[in-house]
> 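If you scroll down you'll find the structure; I have some questions about it.
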Protein chains: 2
Amino acid sequence: MKYASSHACDAWRLLVRFSFAQRAHLPLLAAELQLSPAQCHVLRLIEPGRPIPMGRVAETLACDASNVTGLVDRLESRGLVRRRPSGADRRVKVLALTPTGSRLRALLLDRMTTPPATLGRLSVREQQALVRILTRLLG
Amino acid sequence: MKYASSHACDAWRLLVRFSFAQRAHLPLLAAELQLSPAQCHVLRLIEPGRPIPMGRVAETLACDASNVTGLVDRLESRGLVRRRPSGADRRVKVLALTPTGSRLRALLLDRMTTPPATLGRLSVREQQALVRILTRLLG
DNA sequence: GCCTGATAGTTGATGATGTCAACTATTGAC
DNA sequence: GTCAATAGTTGACATCATCAACTATCAGGC
């Protein structure tokens, strides 16, 4: 994107800056729930009732498959997650939340997605515009 | 913010989702520059010509001070960063970029803030609106 | 059926990240 | 000057993350 408009560059810079600012919150939030940031990422990816193959987790986190093995080992030993064989392919193991894991995940997502006070600086109209724009951007 | 509008919640959810999506890019980008994600964070915080105390880095990254010691040890051994005593307080050590570190940081920031093609989905008007809204949000 | 190559996950080795407690040096207030 | 507080380091330890080697399974061709 060498020829992106300056508006696009500015917008992207702001989004990246937001991501970095946001990054600092996760360790604190994770610690409150006795989790590590990496474990939060894994937990976030396992939606209740939607088991996900381990390889897909590695792919989404852009990390090595053996790293996921260790992360899941710890989550499983804490009773938050279960490995189950995939029906379609016996090489694949899918990850499912236990009831405890499901509750913890809900708590985690709830705290992560609670908007901070600074969002109140925006008018309702601006909030709507932001939702519309981000939806197009991420969709 | 229990009483935040649903628009605010939606907007925040999208921003958080963006942060997570963004998170996966850093390891790849960092690896290209022979850096780890954590080292990128430190490098990003040291602006050229603006030495920063180590404690401030720890505070911004929301991590222990001893962690910064190790990170800076590795950056310094690679000749990217220098520890210097602070004039005002002899307990404090400030971090400054070497010329090599400064160049690498510029390269890093350049790659991080290059907008992806998906920003092209937005009209110029939407890009302007996004910049305006994010500026108010982060300011 | 039987090779063969590719894929999913695990294991072991190794280095990096991150926390904690204990320590040194310095500061600032009394 | 004494004493609590602060900045940074050190050492011990768990976790994160990668790589290479391995097992088991799959999918294709013959």
Side-chain angles (χ1 to χ4, degrees), chain A residues 20 23-46 51-78 80-96, chain B residues 20 23-46 51-78 80-96:
Chain A
F20 277 116
R23 181 211 155 278
H25 296 177
L26 190 54
L28 310 174
L29 174 54
E32 284 179 27
L33 304 178
Q34 320 271 10
L35 292 169
S36 69
Q39 288 170 338
C40 288
H41 287 300
V42 175
L43 220 51
R44 193 181 65 91
L45 293 180
I46 311 175
I52 182 175
M54 295 184 65
R56 199 157 168 64
V57 172
E59 182 189 354
T60 308
L61 297 184
C63 75
D64 194 88
S66 60
N67 192 19
V68 176
T69 297
L71 287 167
V72 171
D73 282 347
R74 284 176 282 267
L75 288 173
E76 198 171 30
S77 74
R78 280 185 51 187
L80 302 174
V81 159
R82 264 189 330 197
R83 283 175 168 93
R84 300 188 52 190
S86 161
D89 186 335
R90 273 191 292 177
R91 293 172 299 180
V92 174
K93 296 179 188 172
V94 296
L95 303 176
Chain B
F20 277 115
R23 179 210 157 279
H25 296 178
L26 190 53
L28 309 174
L29 175 54
E32 285 179 26
L33 304 179
Q34 319 273 10
L35 292 168
S36 69
Q39 289 171 338
C40 288
H41 287 300
V42 175
L43 220 50
R44 194 181 65 90
L45 293 180
I46 311 175
I52 183 177
M54 296 184 65
R56 199 157 168 64
V57 172
E59 182 188 355
T60 308
L61 296 183
C63 74
D64 194 87
S66 61
N67 192 17
V68 176
T69 297
L71 286 168
V72 171
D73 281 348
R74 282 175 284 266
L75 289 174
E76 198 171 29
S77 74
R78 279 185 52 186
L80 301 174
V81 158
R82 265 188 330 195
R83 284 174 167 93
R84 298 188 55 189
S86 162
D89 186 335
R90 274 191 292 178
R91 292 171 300 180
V92 174
K93 296 179 188 170
V94 296
L95 303 176

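Proteins get letters first, then strands, A, B, ... in listed order; numbering begins at 1 in each. Worth saying up front: this structure is predicted, and the values here are computed from it rather than measured.
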> For A:Arg90 and D:dA24, is the shortest distance between a side-chain N/O and OP1 or OP2 below 4.0 Å?
no
> Identify, with sequence neighbours excluded, every residue that meets side chain to side chain donor-acceptor pair (under 3.5 Å) alongside B:Arg23.
A:His41
> Rounding to an integer number of Å, can you tell me how far A:Glu59 CD sits from D:dA17 C1'?
18 Å
> Would you indicate whether the side-chain heavy atoms of B:Val81 and B:Leu43 approach each other to under 4.5 Å?
yes
> What does nucleotides 6-13 of chain D look like as a protein-contact string, B for base, S for sugar-phosphate only, - for none, at under 4.0 angstrom between heavy atoms?
BSSBB---
> Starting at CD1 of B:Ile46, measure out to CE of B:Met54 and round the result to the nearest 0.5 Å.
9.0 Å
> Rounded to whole angstroms, how far apart are CG on A:Leu75 and P on D:dA14?
18 Å
> C:dA16 C1' sits how many Å from B:Leu35 CG, rounded?
13 Å
> Looking at every non-hydrogen atom in both residues, tell me the closest pair between A:Ala30 and A:Ser36 and how far apart they are.
CB-C, 3.9 Å
> Partners of B:Arg83 by salt bridge (Lys or Arg N to Asp or Glu O under 4.0 Å), sequence neighbours excluded?
B:Asp73, B:Glu76
> Which of residues 26-34 of chain B have a heavy atom under 4.0 Å from DNA chain C?
none
> With sequence neighbours left out, what residues match A:Arg74 under side chain to side chain contact (heavy atoms under 4.5 Å, CB included)?
A:Gln39, A:Leu71
> How long is the line joining CG of B:Leu71 and P of C:dG15, in whole Å?
17 Å
> Nearest 0.5 angstrom please: B:Leu75 CG to B:Leu80 CG, how far?
6.0 Å
> Under 3.5 Å, which donor-acceptor pairs do the side chains of residues 58-67 of chain A form with other protein atoms, sequence neighbours left out?
from: A:Thr60; atom 1: OG1; to: A:Arg56; atom 2: O; distance (Å): 2.8
from: A:Asp64; atom 1: OD2; to: A:Ser66; atom 2: N; distance (Å): 2.9
from: A:Asp64; atom 1: OD2; to: A:Ser66; atom 2: OG; distance (Å): 2.6

